[in-house]
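In what follows, chains carry the letters A, B, and so on, assigned in the order in which the sequence lines appear, proteins first and then strands, with residues in each chain numbered from 1. Because only heavy atoms are used, hydrogens play no part in the values below, and waters and symmetry mates are left out as well, while side chains stay in.
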Amino acid sequence: MAALVYLALFYGAGLFAPLVATHDPNQGQLQVEHRLQSPSSGHWLGTDVQGRDIYSRVIYAARTTLLFTAAVILTGGLVLGLGLGLLAGYKGGWVDTAIMRVGEVLAGVPTLLLILAIAAVFRARIGDFAFWLRQNTFLGDEARTLLEFIIIVGATVPFAWVGTSRIVRSQALAIRESDFVLAAELIGASTWRILTRHILPGVLPLFVVGLSSGMAAIAGTEVALSFLGLGVSPPTSSFGTIISEGAQIRTFQAYPHVLLGAAMPIILFFFAWNLLGDALVDLLEPRTSTR
Amino acid sequence: MAPGLAGYLVRRLLWAIPVLLVLSFLVFALIRAAPGDPVDTLLGDRYNEEAAERLREQYGYDQPIPRQYLTYMGNLLRGDLGVSTRYTDFSAAEIVLPRVWVSTQLGVMALIIAFAIGIPVGIYAALARGTFLDPLTISFWLAIDAVPVFVAIPVLQYVFVIQLGLFDLSWEGVWHPNIILPVAIMSLPGIAGIARFMRASIISVMTEDYVRTAHAKGLRNRTVVMTHITRNAMLPMITVIGLALPGLATGSLFVELFFGIPGIAREALEAILHPDYDVILFLVLFGSTLFVLANIAVDLLYGVIDPRVRVGQARGG
């Protein structure tokens with residue numbers, strides 16, 4: 001329950017970031033007396049090396065997380081994970097084999113390595129395109145951020161659907177043997193109808209569980225990429241970039257608030273998703289429930 | 001091995017080949033699409049157009065990509081995995097394999113620790129079921145799992161290295177106390193998953209008839225837990241172990257970065273950022289092959305343990 005409340009707060013903060021933030025997240029004050037300030041009533045989580053308000057940067061980082069996870073869930077989770085899983089489980093045969101073998105290899109490659117490679121290669125290429133966008137569309141400085149976003153989502157999605165689609169497939173595999181599917185087939189229902197009306201409802205609970213247990217990992221990908229400087233780049237705020245600024249051992253020794261201020265919200269975020277995933281598994285498997 | 005099983009195995013392996021080929025071509029093309037090439041890195045300050053041209057010709061980078069790929073594959077079949085362009089005089093294999101070995105050793109240690117903690121924790125939580133201790137235990141490890149390694153590392157380095165002075169941050173090889181911290185950090189996040197899996201497994205075994213029989217005939221609780229429950233509950237853990245194995249060789253990027261460990265994950269990042277084509281490709285092929293093999297092994301074991309999973313059967317009718 002507490003987990004749900006926290007997640008609602010987190011996503012709410014991301015959604016309404018301009019209202020929740022107390023300062024402009026990108027506006028720094030470089031004078032010595034404004035830099036690396038400890039938390040105070042003026043700056044709730046202190047300021048970073050450029051004199052920016054860390055609390056406001058954290059709020060905008062939540063927005064980055066929100067946008068990233070939503071984009072990955074919609075494309076990789078719903079379209080690929082659910083769609084391909086249903087298709088593979090219901091159709092069987094070569095469709096199943098092809099989808100599962102591709103998934104196997106995608107799940108099998110050193111994922112982080114490939115995501116890094118994709119992100120690094122395309123990042124290095126976006127300069128000209130961002131410039132073109134800025135010249136020819138209404139986009140201004142956001143052009144680059146948008147492209148970076150597309151790149152990290154595009155780099156993550158190919159690897160994000162496999163787990164979910166496996167869960168969906170195995171459930172669909174079990175359901176397609178049931179009498180009501182057989183009955184639907186006998187009266188000549190279309191594949192689409194059988195998938196959406198008869199198999200989907202049975203698959204949905206497990207799909208939600210699969211998604212929620214993968215959420216922390218998906219959000220974590222963006223944080224890790226940004227930490228390495230391959231995700232969204234400054235000044236756009238991300239938990240990864242704030243943490244990387246505070247994670248130098250000497251910085252942490254002298255100014256622990258930079259690391260901790262950004263780390264605690266994202267740790268709680270991952271923890272909340274972990275708890276939620278755990279609780280959902282319990283709901284589906286009452287035999288092993290903790291309650 | 002049943003004949004159906006052997007056929008299944010062959011089919012799986014045959015499927016793996018085209019998929020690995022496609023994947024390797026995509027990676028091959030991908031890394032060559034990046035601006036800047038190994039020759040830039042190789043020449044560095046001494047860069048001039050003429051020398052660059054000559055080197056590109058020498059390495060064959062002036063050829064069209066499909067052609068380069070065919071050449072690479074031809075060499076691969078003859079056992080030649082290519083050369084490193086960052087460490088000239090070394091082949092890709094000479095760069096990759098020693099680092100894979102370092103990462104594997106650390107990975108095995110971390111895995112053993114994770115299971116050594118995760119399995120008892122899972123058993124404990126299962127036996128404490130119905131009390132507040134069960135959710136508390138699991139939640140504790142889920143909280144540990146929620147801490148990103150790049151947050152845990154600076155904090156723990158600060159506590160153990162700077163405050164307590166127990167270790168220092170230099171790399172002294174695998175058999176040195178300095179690796180305790182990195183190995184511990186590598187093992188911590190996995191414990192929650194192992195414990196949760198073990199817990200569920202124990203609980204599903206606990207209600208079996210033979211467990212009730214064992215209790216009924218007056219065996220000590222301890223004996224029942226150890227021999228009847230735990231032993232049977234360990235069976236499904238094969239999957240977890242099997243799927244964790246290939247991950248051992250790929251290393252933990254952040255641990256290697258923060259602790260200056262000459263492992264494969266750090267090397268991979270370097271090879272991507274300062275392109276070293278053959279090294280990247282070797283890494284991807286090596287890692288993917290391991291994963292595919294482990295996947296097949298786990299699937300086979302599934303089939304052996306649970307015959308209801310009718311692997312690889314096409315839908316009849």
- Note on the structure: Comparing A:Val102, A:Ile249, A:Leu116, A:Ile118 against chain B, the one with the most heavy-atom pairs below 4.5 Å turns out to be A:Ile249

- Query: Which of parallel (below 30°), tilted (30 to 60°) and perpendicular (above 60°) describes A:Tyr6 and A:Phe10?
  - Reply: tilted

- Message: For B:Phe282 and B:Phe286, take the angle between the two ring planes, folded into 0 to 90°, and tell me which bin it lands in: parallel under 30, tilted 30 to 60, perpendicular over 60.
- Response: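 Ring orientation of B:Phe282 relative to B:Phe286: tilted.
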
- Query: Minimum heavy-atom separation for A:Ala119 to A:Ala155, with atom names?
  - Reply: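 Here A:Ala119 and A:Ala155 meet closest at N-CB, 4.4 Å.
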
- Message: Show the nearest heavy-atom pair for residues B:Ala126 and B:Ile203, with the distance to one decimal.
- Response: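 Between these two residues, the closest heavy atoms are CB-CG1, 3.9 Å.
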
Which atoms of [X] come close to chain B, meaning under 4.5 Å heavy atom to heavy atom: side chain ones, backbone ones, both, or neither?
| X | value |
| --- | --- |
| A:Ala216 | neither |
| A:Ala98 | both |
| A:Phe122 | side chain |

[X] (side chain) donor-acceptor with [Y] (main chain) under 3.5 angstrom:
| X | Y | result |
| --- | --- | --- |
| A:Thr64 | A:Ser237 | yes |
| B:Arg129 | B:Ala125 | no |
| B:Ser201 | B:Met198 | no |
| A:Ser178 | A:Ala174 | no |

- Task: Tell me, yes or no, whether the heavy-atom count around A:Gln248 atom CD, taken from other residues, nucleotides or ligands under 6.0 Å, exceeds 12.
- Result: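 No, CD of A:Gln248 has 12 or fewer neighbouring heavy atoms, counting only those of other groups under 6.0 Å.
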
Report which part of [X] has an atom under 4.5 Å of a heavy atom belonging to chain A: side chain, backbone, both, or neither.
| X | answer |
| --- | --- |
| B:Phe258 | side chain |
| B:Leu257 | side chain |
| B:Leu290 | neither |
| B:Leu142 | both |

- Quick one: list whatever passes side chain to side chain donor-acceptor pair (under 3.5 Å) with B:Arg266, sequence neighbours left out.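 Partners of B:Arg266 under the side chain to side chain donor-acceptor pair (under 3.5 Å) test: none.
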
- Task: With a 4.5 Å heavy-atom cut-off (strictly below), which parts of residues 222-230 of chain A touch chain B? List them by number.
- Result: A:Val223, A:Ala224, A:Phe227, A:Leu228, A:Leu230

- Query: What residues form a salt bridge (charged side-chain N to carboxylate O under 4.0 Å, His left out) with A:Glu245, not counting sequence neighbours?
  - Reply: A:Arg52

- Task: Using a cut-off of under 4.5 Å on heavy-atom pairs, state which of B:Ile144, B:Leu23, B:Leu30 scores highest against chain A.
- Result: B:Leu30

- Message: Counting only non-hydrogen atoms closer than 4.5 Å, can you tell me which residues of residues 148-155 of chain B sit against chain A?
- Response: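 B:Pro148, B:Phe150, B:Val151, B:Pro154, B:Val155, listed by number.
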
- 4.5 Å side-chain heavy-atom contact, B:Asn178 and B:Phe259: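 No; the side chains remain at least 4.5 Å from each other.
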
- Would a 4.5 Å heavy-atom cut-off, applied to side chains only, mark A:His198 and A:Ile175 as touching? no

- Determine, for A:Asp278 against B:Arg196, whether the closest basic-nitrogen to carboxylate-oxygen distance falls under 4.0 angstrom. yes

